[in-house]
Asker: 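Have a look at this one before I ask anything.
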Amino acid sequence: MKTITAARAVAAALLGLTIVGAPKLALADIKDYEFQLVEPSVQAGADRIVTVKLVNKKTGKAVPDAVIFASRLDMAPDGMQEMVTKVTPMPGAEPGTYRFKANFSMAGRWQLSLGAKVQGETGTVENKLVVTAQK
């Protein structure tokens, strides 16, 4: 009788460890995600489109259905962070790509700052990407 009780206790403990440990293995860390520019440069001017891809760095796969809640475009890389322009989200062409329309009023380096939530993950993906606007 004591053997059966001990075996049940061991089985219950192993089951508990499996349940507690499994979610940690299934989910990636939020640091495993990053935005990447599809094209690093655009032509200077109004209504230019910038496309980024959200990828899982460990798998290299694009991540669809992220919720982008913050976007900013300014000329911080050229020391003009006060030179800000409006960023308008546009539909992505492929799963895992995210497009934005903006006015690149002058040539130079523009910083696109993005904040997003990835479905099933806790934390926020935050990246600052440099887009070069050319004449």
Asker: How long is the gap from CZ on R109 to CE on M80, to the nearest 0.5 Å?
Answerer: 9.5 Å
Asker: Taking the side chain as C-beta and beyond, is there a heavy-atom pair between M106 and M83 under 4.5 Å?
Answerer: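 With C-beta onward as the side chain, the pair touches.
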Asker: Do V118 and L54 have side-chain heavy atoms sitting under 4.5 Å apart?
Answerer: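 Contact flag for V118/L54 side chains = yes.
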Asker: State, yes or no, whether a side-chain contact exists between R72 and V84 at a heavy-atom distance under 4.5 Å.
Answerer: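 SC-SC contact between R72 and V84 confirmed.
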Asker: If you define the side chain from C-beta out and look only at heavy atoms, does anything of V67 sit under 4.5 Å from Q119?
Answerer: yes
Asker: Which pair of non-hydrogen atoms, one from T88 and one from K86, has the smallest distance, and what is that distance?
Answerer: OG1-CE, 3.8 Å
Asker: Shared ILVMFWY cluster between L129 and M90, side chains joined below 4.5 angstrom?
Answerer: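 Different clusters.
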Asker: Measure across V55 and Q36 and return the closest heavy-atom pair with its distance rounded to 0.1 Å.
Answerer: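 Smallest interatomic distance, heavy atoms only, reads CG2-NE2, 3.4 Å.
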Asker: Quick one: closest heavy-atom pair of A102 and T85, and the distance?
Answerer: CB-CG2, 4.4 Å
Asker: Look only at the side chain of D32 and the backbone of D29, and say whether a donor-acceptor pair between them is shorter than 3.5 Å.
Answerer: yes
Asker: Under 4.5 Å between any side-chain heavy atoms of V125 and I30, yes or no?
Answerer: yes
Asker: What is the minimum heavy-atom distance between T97 and A93, and which atoms define it?
Answerer: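 Closest heavy-atom pair between T97 and A93: OG1-N, 3.5 Å.
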Asker: Show your reasoning for whether side-chain contact (heavy atoms from CB on, under 4.5 Å) applies to V42 and V50.
Answerer: CA-CA 7 Å; V42 297; V50 175; 4.1 Å; yes
Asker: Nearest heavy-atom pair of Y98 and P64: which atoms, and what distance?
Answerer: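 The pair with the smallest heavy-atom distance is OH-C, 3.4 Å.
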Asker: Do the non-hydrogen side-chain atoms of L114 and F69 ever get within less than 4.5 Å of each other?
Answerer: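 Counting from C-beta outward, L114 and F69 never come under 4.5 Å.
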Asker: Applying side-chain hydrogen bond (donor to acceptor under 3.5 Å, both in side chains) as the test, list every pair that has at least one member in residues 47-69; sequence neighbours left out.
Answerer: none
Asker: Do you know which two heavy atoms are closest between A107 and A44, and how far apart they sit?
Answerer: N-CB, 4.0 Å
Asker: Side-chain contact, heavy-atom cut-off 4.5 Å: L73 with F100?
Answerer: no
Asker: Using a 4.5 Å cut-off on heavy atoms from C-beta on, say whether the side chain of Q43 contacts that of F104.
Answerer: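 Not in contact.
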Asker: In Å, rounded to the nearest 0.5 Å, how long is the span from CZ of F35 to OG of S71?
Answerer: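 If I round to the nearest 0.5 Å, the distance is 10.0 Å.
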